[in-house]
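A short worksheet on the structure shown next.
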Amino acid sequence: MSLGFGHRARIGHLYPSGGLCDFEIQSMAPEGVQFVTTRLPFKRTGLEDDSALVADVETHAGLLADAAVDLIAMNCTAASMAVGAATINQRIEAVTGIAATTTTDAVLDALSHVGAKRIALMTPYPRAVVEMEMAFLGAQGIEVVAERAFACTTPVQQGEIAPEVWLERALQFDLQGADALLISCAGIHLSPVLGEIEARLDTPVIASNAALLWKCLRALRLAERPTRYGRLLAGEFDAPRAR
């Protein structure tokens, strides 16, 4: 008898409605880990839209609870920063009784895990969203020492950018003084080039979807780690550091 698709874990995935890359996190997941997606209303990329994304998060999270998921992950980096990860998690957990996490939780934990206090930041966000994110990171003790934004006005535009374009843009970065490169956005197709970006830059790369997958696997105590999507997800930073 064959095992079910989500026989190791089912993860509820709250994702912006206009996003095209909800498949990205599933494509990187180990066999037997299933992401079940419910969409949150989101057509434009802006601070107002980020806040409105979770206006009715309880209803959408409740739909995921119907699928008997083990964990619920709200996957939008800017929105979870703008609204507050703790607030979102509390609201989801209160209505479902299921543990919750966000992309913001994942990104902050990932940056801490690789020891990054000074970062380069690359996004597909409008200027107001970039400034919000930089201020948010600064309040967490993370300094942005270099930044490039390729402003998109809709999540559809974000998702239509080819992975090779992200590779080209990343390789143009001057990472002097940066402990890591953060590529921030759950709505971009990055996984095919993520490992190459990190290898060619020789610097840790934290990407929203990969960081969230890493966070979910750790939360569910799943030991298997994908190996083609950068050192964080492969578990290469998990070994004790030499003193």
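As the structure is a prediction and not an experimental result, all values here were calculated from the model.
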* **Ring-face cation contact, F237 with R231, 6.0 Å cut, 45° max** => no
* Passes side chain to side chain contact (heavy atoms under 4.5 Å, CB included), R44 versus T153? Steps please. -> CA-CA 6 Å; R44 297 189 62 79; T153 58; 3.8 Å; yes
* Structure fact -> I88 and A79 have their tightest heavy-atom pair at CD1-O, 4.4 Å
* Asked: Is there a donor-acceptor contact under 3.5 Å from the side chain of E93 to the main chain of A100?
  -> yes
* **Flag, side chain of T59 to backbone of V57, donor-acceptor distance under 3.5 Å** => no
Can you tell whether the side chains of [X] and [Y] come within less than 4.0 Å, N to carboxylate O?
X: E224; Y: R8; result: yes
X: R127; Y: E147; result: yes
X: D109; Y: K215; result: yes

* Asked: Centroid-to-centroid, H189 to W166, below 6.0 Å?
  ->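 Between H189 and W166, the centre distance exceeds or equals 6.0 Å.
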* Asked: So, D22 versus T37: side-chain donor-acceptor pair below 3.5 Å or not?
  -> no
* Asked: Using a distance-only test with no angle check, is there a side-chain donor-acceptor pair under 3.5 angstrom linking T103 and T77?
  ->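 Side chains of T103 and T77: no pair found under 3.5 Å.
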* Non-neighbouring partners of R200 that pass salt bridge (charged side-chain N to carboxylate O under 4.0 Å, His left out), sequence neighbours left out -> E196
* To do: Decide yes or no on side chain to side chain contact (heavy atoms under 4.5 Å, CB included) for V114 and D179, but give the supporting numbers first.
  => CA-CA 8 Å; V114 305; D179 302 318; over 6 Å; no
